[in-house]
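Per chain, numbering begins at 1; letters A, B, ... match sequence-line order. Treat the numbers as computed from the prediction; the structure is a model and nothing was measured.
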Amino acid sequence: MTPTLPPSEPSSPAITPAPAPAGRAAAPSGDYLVEMRNIRVSFGGVHAVDNVTVNVRAGEVIGLVGGNGAGKSTLIRTLSGARPADAGQIFVDGKPVTISNPRDAKALGIETIYQQLALADNIDAAGNVFLGRELRTRIGSLDDAAMESATRKVMGRLNPRFKNFKSPVKSLSGGQRQSVAIARAIHFNARVLIMDEPTAALGPAETAQVRDLVAQLKEEGLGIFLISHDIHDVFDLADRISVMLQGKLVGTVDKTKVTKDEVLGMIIMGKKPDEVTEKEIAELHG
Amino acid sequence: MADASGVLPASTASEPARKDRRSVLSSLEIDTRLLGMIGALAVIWVFFNVISGGSFLTARNLSNLSVQSASTAIMATGMVLIIVSRNIDLSVGSLLGFLGYTMAMLQAVWIPTTLGLGFDQPYTWIITIAAGLVIGALVGGFQGLLVAYAGIPSFIVTLGGLLVWRGIIFRYAQGQTIAPLDGTFRLLGGGPEGSIGFIGSWIVGALMCIGIVYTLWSNRRRKRRYGFPLRVMWAEVVVGVVGCLAVVAFVAVANAYPWPSTLATEYAQSHGITEPPGGLIIPTGIAIPVLIMLGVGLLMTYLATRRRFGRYVYAIGGNPDAAELGGINVRRTIAGTFALMGILVGVAAAVQSARLNAAVTNLGVQAELDVISAAVIGGTSFAGGIGTIPGAILGAVVMQSLRSGMLLLNVDSPTQDIVVGSVLVLAVGVDSYLRRRAS
Ligand SMILES: Nc1ncnc2c1ncn2[C@@H]1O[C@H](COP(=O)(O)OP(=O)(O)OP(=O)(O)O)[C@@H](O)[C@H]1O
Ligand SMILES: [Mg+2]
């Protein structure tokens, strides 16, 4: 571990090192795959993200939660290169990196499923999965057949009932579009996966599929940021939970050390578990 | 038809017929929009032929039509990509004039006189065309940089370009016409000399047929390799045969147009041939500008559909934010479409000035309107993300057919404008109606 990387979770008592992932060489505890430190993003004077520090280890899922407008999407968009931070530093494997556009992020193995999906509506599923990373033949032509074939394989894993490989994604259902966005993110051997409400448009069966996928990718050693409004989902899948409120980080807690009520208290009142009174918990259920 | 029982049998009776028709089309896997355009073009041709008493569908008129369409069609292929990526280029007409004028000066004044190298040097035409294409790319690319990197709307940048490039011509040309042009360069304009003749045309036709068959075969092989559903064999054969027949018809028409008799007589005398009693018949064959148009069309179709650049242009048009988030360098791609447009304007400028054998100050005035109309009649949508190269070429031919047909009928030019303008609006109206109904 480089000396430039001090432990960055001084406030949370509930942190424990994640178990060494099965797939990759076990990293020393606290050795983060990605750390976003003191990130700040402002929109015309308003701090959408204010001095937030979050991190993820290989083989770990971080649940990022908070109410609407808390700044979750804005925070992770600095990591995916969509909107670089105004201040703060990002470390990958302990080394500082500059991510000024989505290409930079992808080059570092950081893949994103955006909340708005970010698909080219007039292009088919394979074209979207491979957008920006097209397979080409020897003479540099697009190899559409190879891309379609690969897309069929990924889709078989995500959403076996997906059949519309020829139509532009505009004509797909919300859930099918979401499957395309997920396929794009997982097909390129990502090291870090950012999922901004990946199951928002999915039916129960497809949601279950995505949950299995998250567990499986975690097993393979990816570091995953999972943004979700479904507290049960987060509790099932995440190892640690980072809570944001009005652009600030309320805290990061170990899932095994907190209850759902305590996390709800953090989301709504911005108070850490040890600051909340019995009365306030009772009011939450009010 | 009032009761349900009366409705039912009727609808079931008509159902299979409709299904059949659709399944024939779908097993042919042809772009129905393109098919519709070809149909519309056929209607226009037959209409003018009937009205004009059979003088529209003649080898002579069709050959002229194809040559006259070439310059607009060449530029329209670039305009498709510009419009598909949600931009516009209003400067192509002025740029055409500017490049045509520059190329004329280069070959008729600067190389022979200013540099003292003399007229009709073997290298003159190559240097001239290279210069035209490079300057076109630079000017187009510069406008592209302003659009993509400086964030100035393309409408504004190219509206400025429309005024600037035309202004520069008027300023420096002082109304002068530059003529005559280099002998070899002039061949780019077509005419008896600037055509590839009987044998050349059939060779090109044969190559085109081989190209069609090879494309069908290699697509089929690629699909089979990945186990995708194949087009049924009879459909494959129908597409191949129809495609080759179209090529044969095209070559036959080009070859059915003979040299003018005076030129043929001159040719006979200068080559020591004794003219047969009916006069020497020399088939003109495919004109070089038409050949250039076909080449540009093929290249641009390949670029648009089978290269990364084209895929990115369409992705940007479909959703610019998604394209950016997908890791596409949106700005570079946009700037690239404008640079490419500049190159194509250079090609068109060469064709047009060669055909006139001169550069005049109003070369290409209002050409931007024809080019944009051709792209739009060809199915390119201003909403972005939709448009095809073959469609735009067909659009250019439709436009030119209307103009030539009306010229044949002695319709005056204001009336021509009224008709072409109305057809433009009508075509786009019908297209967007059909699109809405389809989705
Ligand atoms: N492009 C933008 N311009 C101006 N303000 C923005 C922009 N994007 C986000 N914001 C503001 O930043 C704040 C955080 O928004 P963000 O989208 O990050 O919230 P979120 O936590 O993802 O919410 P949700 O759960 O609804 O997706 C909001 O107040 C929002 O209005
Ligand atoms: Mg969000």
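Neither the backbone nor the side chain of A:Ser171 comes within contact range of chain B; no heavy atom of the residue lies under 4.5 Å from a heavy atom of that chain. Neither the backbone nor the side chain of A:Gln116 comes within contact range of chain B, judged by heavy atoms closer than 4.5 Å. Residue contact with chain B, scored on non-hydrogen atoms closer than 4.5 Å, involves the backbone and the side chain of A:Asp144 alike. With a threshold of 4.5 angstrom between heavy atoms, B:Asn329 approaches chain A through its backbone and through its side chain. Of the atoms belonging to A:Ala146, heavy atoms from both backbone and side chain fall under 4.5 Å from chain B. Contact annotation for A:Tyr114: only side-chain heavy atoms (C-beta onward) come within less than 4.5 Å of a heavy atom of chain B. Interface residue A:Ile139: backbone and side-chain heavy atoms are both found under 4.5 Å from chain B.
Listed by sequence position, A:Ala82 are the residues of residues 80-90 of chain A in contact with chain B, using a 4.5 angstrom heavy-atom cutoff.
Residue B:Phe155 places its CZ atom among 12 or fewer non-hydrogen atoms of other residues, nucleotides or ligands, all under 6.0 Å distant. Counting non-hydrogen atoms of neighbouring residues, nucleotides and ligands closer than 6.0 angstrom, the CZ atom of B:Arg332 reaches no more than 12 such neighbours.
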task = Could you walk me through whether B:Phe228 and A:Glu148 pass the side-chain contact (heavy atoms from CB on, under 4.5 Å) test, one step at a time?
result = CA-CA 9 Å; B:Phe228 295 158; A:Glu148 187 183 329; 3.7 Å; yes

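Inter-residue side-chain proximity for B:Arg306 and A:Thr137 is flagged as unmet; no heavy-atom pair is nearer than 4.5 Å.
Here the straight-line distance linking atom CZ of A:Arg136 with atom CZ of B:Arg311 works out to 12.0 Å at 0.5 Å rounding. Here B:Tyr314 contributes atom OH and A:Leu131 contributes atom CG; the two are 15.0 Å apart, rounded to the nearest 0.5 Å. Summarising the geometry, atom OH belonging to B:Tyr302 is positioned 8.0 Å from atom CG belonging to A:Leu142; distances are rounded to the nearest 0.5 Å.
Although no hydrogens or angles enter the test, the distance criterion places a donor-acceptor pair under 3.5 Å between the side chain of B:Asn319 and the main chain of A:Leu119. The backbone N or O of B:Ile386 lies less than 3.5 Å from no partner atom in the side chain of A:Asn122, so there is not a single donor-acceptor pair.
Between A:Asp143 and B:Arg222 the shortest heavy-atom distance is OD1-CD, 4.0 Å. Across B:Ile328 and A:Arg103, no two heavy atoms sit closer than the pair O-NH1, 3.1 Å.
Ranked by heavy-atom pairs under 4.5 Å with chain A, the list B:Glu324, B:Arg307, B:Lys223 is led by B:Arg307. Top candidate by heavy-atom pairs under 4.5 Å with chain B, chosen from A:Ser141, A:Ala105, A:Ala107, A:Ala120, is A:Ser141.
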